[in-house]
Undergrad: 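Submitted below is the structure of interest, expressed as structure tokens.
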Amino acid sequence: MNKQLPNADAPVWLDDTTACIDELAWLTAMSTDPASVPHAIEVVHEIPVYDGNGVRDLTQQGSSSVRNIKALQEEWVRVLLEGAGVIVIRQAIDDIDMLDEVTDVLQQILNDEMQSHPVADHFAAAGSNSRIWNAHEKLCVRSPELFARYNANDVLSLVCRAWLGPAYQITAQVNVVHPGGCAQTCHRDYHLGFQDSKLLREYPAHVHTLSPVLTLQGAIAHTDVPIVSGPTQLLPFSQKLLTGYIDVADEQVREHFLKHYVQLPLSKGDMLFFNPALFHAAGDNNTAEVHRFVNLLQVGSAYGRTLEFLDRARMSIALYPLLQSMMANGDITHRGLVQAVDACAEGYPFPANIDLEPPLNGLAPASQQQLMLKGLEEGWTLDVFADRVRAQQRLKRSY
Ligand SMILES: [Fe+2]
């Protein structure tokens, strides 16, 4: 019997400094065999396109529904995992009057925020777009009725369940790209897509493969999005590149993206879903009049949670004076100090309140661990540290 583990030769550390451009070129030359996506109504630029009405019909087919829906979900999973990495569903929302009402409420939220505190978008040039961070909660509180009608959607629920299983958690950020708004540089998305390249190398390869299955990336078109208005630029099959979170910052890789990305126009009510490891970027809005209004979804797996809820701010405040005196007496090395802080404070800056917590390095806000180490290294008193750690905690919940 072969007792060797599968993938025994696979790399654990992805610290090679050379980007895998040849592998990316090979992957992104792949094509989608229409026979492999029998539920799709067409394949455009290797991307399978589905009809929302057909999906809704499947849910109405009595006893054969369950089997047929599972087959469709299986097809979606294979595309997102091993295929093009992206699907489009036409008319995923068929109640356009309701969608327009939701757009109006979101626009009111946007207007109110512009008046009270212009919202910074840390991921785009100033003025080129308007953002509503945490649009999901804000819509729910502003109009529970529209929130319910907007989210009572078979297509959304079936895609989320296909990729993440049950107990998923939706977050959403509205992005309105104005005429003249410029394209983003290509990137991957949450989780590892929000880490800098040095930190990425500290996560072993299996975590790089885990990250994409913890989130589903989606977009709901609230307006028609013709090509000239800059629908998302997508590089099919690029989610399969193991080193992609690191390589996406490489100059040659970015050139490859610019030469080979594809775009699909969307109509109001269409949804786009993709593997968060897919290389993508918001496109240029070259129109004079289209305000491209899209609600971006980051749907999280139930499994991005710890077993227990710990009040890590409380723990950090309890430990802080002890670490201070150990430092003063030379009873702890710097490495030991970092290890104690790692065990105590929250190391991950998300979930964040991006309205109020500006990203530190362009991607992620400061974590509780970073704050605690800064306090210890800069000699803050316990009172100052306690104030700041509580303030940081309050920021996450201050609407
Ligand atoms: Fe993105």
Side-chain angles (χ1 to χ4, degrees), residues 112-124 126 131-138 141 169 171 173 189-203 214 298 300 304-399:
D112 290 352
E113 291 192 349
M114 298 274 270
Q115 297 233 314
S116 62
H117 61 283
V119 174
D121 185 344
H122 316 290
F123 304 106
R131 276 276 189 184
I132 306 176
W133 298 114
N134 193 7
H136 202 57
E137 178 179 336
K138 290 171 184 170
V141 172
Q169 297 286 296
T171 72
Q173 304 82 37
D189 273 334
Y190 196 70
H191 292 258
L192 287 190
F194 279 43
Q195 304 292 329
D196 68 42
S197 63
K198 182 174 173 295
L199 202 56
L200 283 169
R201 290 174 162 82
E202 295 180 25
Y203 287 97
L214 290 176
Q298 268 71 220
R305 308 288 168 91
T306 48
L307 180 70
E308 296 177 303
F309 181 80
L310 282 71
D311 185 344
R312 294 189 179 273
R314 179 173 166 234
M315 291 166 64
S316 301
I317 291 165
L319 186 66
Y320 189 87
L322 187 271
L323 291 180
Q324 273 189 315
S325 68
M326 289 179 83
M327 284 169 75
N329 298 333
D331 291 340
I332 193 164
T333 62
H334 187 263
R335 193 159 75 233
L337 183 79
V338 172
Q339 288 160 350
V341 170
D342 283 356
C344 175
E346 176 58 57
Y348 198 41
F350 301 101
N353 180 336
I354 304 177
D355 276 322
L356 300 175
E357 296 180 272
L360 259 191
N361 56 11
L363 295 169
S367 71
Q368 202 176 61
Q369 281 181 6
Q370 286 169 319
L371 190 72
M372 189 168 181
L373 275 177
K374 192 169 192 272
L376 288 166
E377 284 163 1
E378 294 184 3
W380 301 350
T381 63
L382 174 62
D383 285 347
V384 169
F385 172 66
D387 278 355
R388 294 193 185 173
V389 82
R390 291 290 185 207
Q392 187 190 45
Q393 204 176 32
R394 274 196 306 276
L395 277 187
K396 293 190 181 293
R397 294 301 329 149
S398 44
Y399 282 113

Undergrad: Taking all heavy atoms of Q370 and all of P365, pick out the closest pair and write down the distance.
TA: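 Nearest pair, atom of Q370 first, then P365: OE1-O, 4.1 Å.
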Undergrad: Measure the spacing between CZ of R131 and CD of Q173 and express it to the nearest 0.5 Å.
TA: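 So the gap between those two atoms works out to 6.5 Å.
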Undergrad: Once you round to the nearest 0.5 Å, how far does CG of L200 lie from CG of L192?
TA: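 Between L200 CG and L192 CG, I get 6.0 Å after rounding to 0.5 Å.
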Undergrad: How many angstroms lie between atom OG1 of T333 and atom CD of Q339, to the nearest 0.5 angstrom?
TA: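 The distance works out to 6.5 Å.
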Undergrad: Show the nearest heavy-atom pair for residues S316 and R312, with the distance to one decimal.
TA: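 Smallest interatomic distance, heavy atoms only, reads OG-O, 2.7 Å.
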Undergrad: Which heavy-atom pair separates A340 from L323 by the least distance, and what is that distance?
TA: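 Scanning both residues completely, I find the closest heavy atoms to be CB-CD2, 4.0 Å.
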Undergrad: I'd like to know whether CZ of R390 has more than 12 heavy-atom contacts from other residues, nucleotides or ligands below 6.0 angstrom.
TA: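 More than 12 heavy atoms, drawn from other residues, nucleotides or ligands, come within 6.0 Å of this atom.
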Undergrad: Heavy-atom distance under 4.5 Å between the side chains of I317 and L382, does that happen here?
TA: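 Yes - at least one pair of side-chain heavy atoms lies under 4.5 Å apart.
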Undergrad: Who pairs with D342 by side-chain contact (heavy atoms from CB on, under 4.5 Å), at least two apart in sequence or on another chain?
TA: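 Applying side-chain contact (heavy atoms from CB on, under 4.5 Å) to D342 gives V338, Q369.
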Undergrad: To the nearest 0.5 Å, what is the distance between NE2 on H136 and OG1 on T171?
TA: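 Answer for the NE2-OG1 pair, H136 versus T171, is 8.0 Å.
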Undergrad: Which heavy atom in P349 sits nearest to a heavy atom in A364, and how many Å separate them?
TA: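 Shortest heavy-atom separation between P349 and A364 comes out as CG-CB, 3.9 Å.
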Undergrad: Is any side-chain N of the basic residue among K138 and D112 closer than 4.0 Å to the acidic one's carboxylate O?
TA: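 Salt bridge absent between K138 and D112.
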Undergrad: ring-ring contact (aromatic ring centres under 6.0 Å, His included) with F385: which residues, sequence neighbours excluded?
TA: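 So F385 forms a ring-ring contact (aromatic ring centres under 6.0 Å, His included) with Y320.
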Undergrad: Could you measure the distance from the CD atom of Q392 to the CG atom of D387? Nearest 0.5 Å is fine.
TA: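 Interatomic distance, Q392 CD to D387 CG, rounded to 0.5 Å: 13.0 Å.
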Undergrad: Between I332 and M327, does the side chain to side chain contact (heavy atoms under 4.5 Å, CB included) criterion hold? Intermediate values first, please.
TA: CA-CA 6 Å; I332 193 164; M327 284 169 75; 4.1 Å; yes
Undergrad: If you compare all heavy atoms of V389 against all heavy atoms of Q368, which two are closest, and at what distance to 0.1 Å?
TA: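 Nearest heavy atoms, V389 then Q368: CG2-CG, 3.7 Å.
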Undergrad: Let me check something: any side-chain donor-acceptor pairs from residues 371-381 under 3.5 Å, sequence neighbours excluded? List them with distances.
TA:
| from | atom 1 | to | atom 2 | distance (Å) |
| --- | --- | --- | --- | --- |
| E377 | OE2 | H334 | NE2 | 2.9 |
| E378 | OE1 | W380 | NE1 | 3.2 |
| T381 | OG1 | V384 | N | 3.2 |

Undergrad: Return the orientation label for the F350 and F194 ring planes: parallel under 30°, perpendicular over 60°, tilted otherwise.
TA: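 Because their plane-to-plane angle is over 60°, the rings of F350 and F194 count as perpendicular.
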Undergrad: Can you name the nearest heavy-atom pair linking E202 to K198, along with the distance?
TA: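 Closest approach of E202 to K198, heavy atoms only: OE2-NZ, 3.5 Å.
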Undergrad: What distance do E346 atom CD and Q393 atom CD have between them, rounded to the nearest 0.5 Å?
TA: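 Taking CD in E346 and CD in Q393, the distance rounds to 10.5 Å.
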